[in-house]
Amino acid sequence: MPELPEVETVRAGLAPFVTDATVTSVEVRRESVARLLPGGGSEFAARLAGATITGAVRRGKFLWLPLRRSEDPADAGASESLSAHLGMSGQFRVHTAADAPEPHPHCRARMTLHRAGEDLVLDFLDQRTFGYLHVEDLLHTPDGLPGGHGMADPQVPLSVAHIGRDALDPHLDARAASRAWRTGRRGIKQLLLDQTLVSGIGNIYADEALWLARVNPERPAHAVNPATASALLSATQDVMRSALAQGGTSFDALYVNVNGQSGYFARGLEAYGRGGEPCRRCGHPLRRETIGGRSTHWCATCQRRYSPRRAGAH
DNA sequence: AGTAGCACCTGATTGC
DNA sequence: TGCAATCAGGTGCTAC
């Protein structure tokens, strides 16, 4: 369940189960899930076993669980994390050890946690295998501000260092972000999807935000004015907050929270998946075309490639 | 330097 | 019915 609202739903669902839990066993069921480690699954298991998870943090679509190695909670802050990316189809599922089912065919790793006298099973499922698990160092943020949502530590994993602050991060520099979105000759949709500028926006919410702000996905970034860029950021935040309030967007069982339940935002979508259907603002049929390799849905009537000239401007 | 294109996968659905 | 083509919510690398 891959964009910011869905990953945040997972993070928030995970946090109460994994915080202060110690990893007691790790079973890698598909080697490629730990492909970022030179030693693969065995290195992943070895580095994770015995560590205690101190929380659940997210920046954009990137998720990590900071690790502490000592049993002493007064020990210094975490310097490593269990990092995860859900890719297109990743899921975390939590069970009590007694209720855990046989691993699903898509289960790529199963971890056992011990927390408050109870044993828990944490499964990572991923049909398409674009997701991954990783153990890596945490780095200090250049600005000394918190690295992501869910923890105050000014740290991010190495693999997240190049990822921009996300659209709902209170420390996002909105002016710098809208400037970045107005730079270059790519279509604006491609900039919304560029995780190094503002993170967390994926193919669904890019189309939704562009529809809300009435901007054509192919409008060149350099033709976006500051007011429009700022309106686009607001639209992105609005649609993501609404989606988050409903547990995210899901169309099927591939995208579920840690309890296996689906979010309800799919019924709130105005553009994504509505090609050929009438625009709810103007009634004209929405277009659907592939742009930059991603299917894109928009209203060619409401969403103009160039902003309309104001009356009085020559 | 910025950008487009492709590679990485599995499985469900569509069309012939 | 069977099989090939197409499609899917992401990211990173490579080559222009």
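Residue numbering restarts at 1 for every chain, and letters A, B, ... go by the order of the sequence lines.
- Taking side-chain N and O atoms only, A:Gln195 has no distance below 4.0 Å to OP1 or OP2 of C:dG10.
- In terms of phosphate contacts, A:Arg294 brings a side-chain nitrogen or oxygen within less than 4.0 Å of OP1 or OP2 of C:dG10.
- Side-chain nitrogen and oxygen atoms of A:Ser295 include at least one within less than 4.0 Å of the OP1 or OP2 phosphate oxygen of C:dA8.
- Taking CG of A:Leu14 as the start and CG of A:Asn257 as the end, the distance is 10.5 Å to the nearest 0.5 Å.
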| request: Determine which bases of DNA chain B form Watson-Crick or G-U wobble pairs with both distances under 3.5 Å, and write the result as a 5' to 3' dot-bracket string with | for other-strand partners. | output: .|||||||.|||||||
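- A tilted orientation is assigned to the rings of A:His106 and A:His104, their planes being inclined by 30° to 60°.
- Between C:dA8 and A:Arg288, a contact under 4.0 Å exists linking OP1 or OP2 to a side-chain N or O.
- With a 6.0 Å cutoff to the six-membered ring centre and a 45° limit on the axis angle, A:Arg274 does not count as a cation-pi contact of A:Trp211.
- For A:His85, no side-chain nitrogen or oxygen approaches OP1 or OP2 of C:dG12 to under 4.0 Å.
- Across all strands shown, A:Ser32 has no heavy atoms under 4.0 Å from either base or sugar-phosphate atoms.
- The residue A:Arg30 sits close only to the backbone: its heavy atoms come under 4.0 Å of sugar-phosphate atoms, none of a base.
- Using a 4.0 Å heavy-atom distance criterion, A:Tyr272 is classed as a sugar-phosphate-only contact.
- Classification of the A:Phe62-A:His162 ring pair by plane angle, with boundaries at 30° and 60°, yields perpendicular.
- Stacking here means ring centres nearer than 5.5 Å and ring planes tilted less than 30 degrees, and by that measure A:Phe130 does not stack onto C:dT11.
- One finds a side-chain N or O of A:His106 lying less than 4.0 angstrom from the OP1 or OP2 phosphate oxygen of B:dG11.
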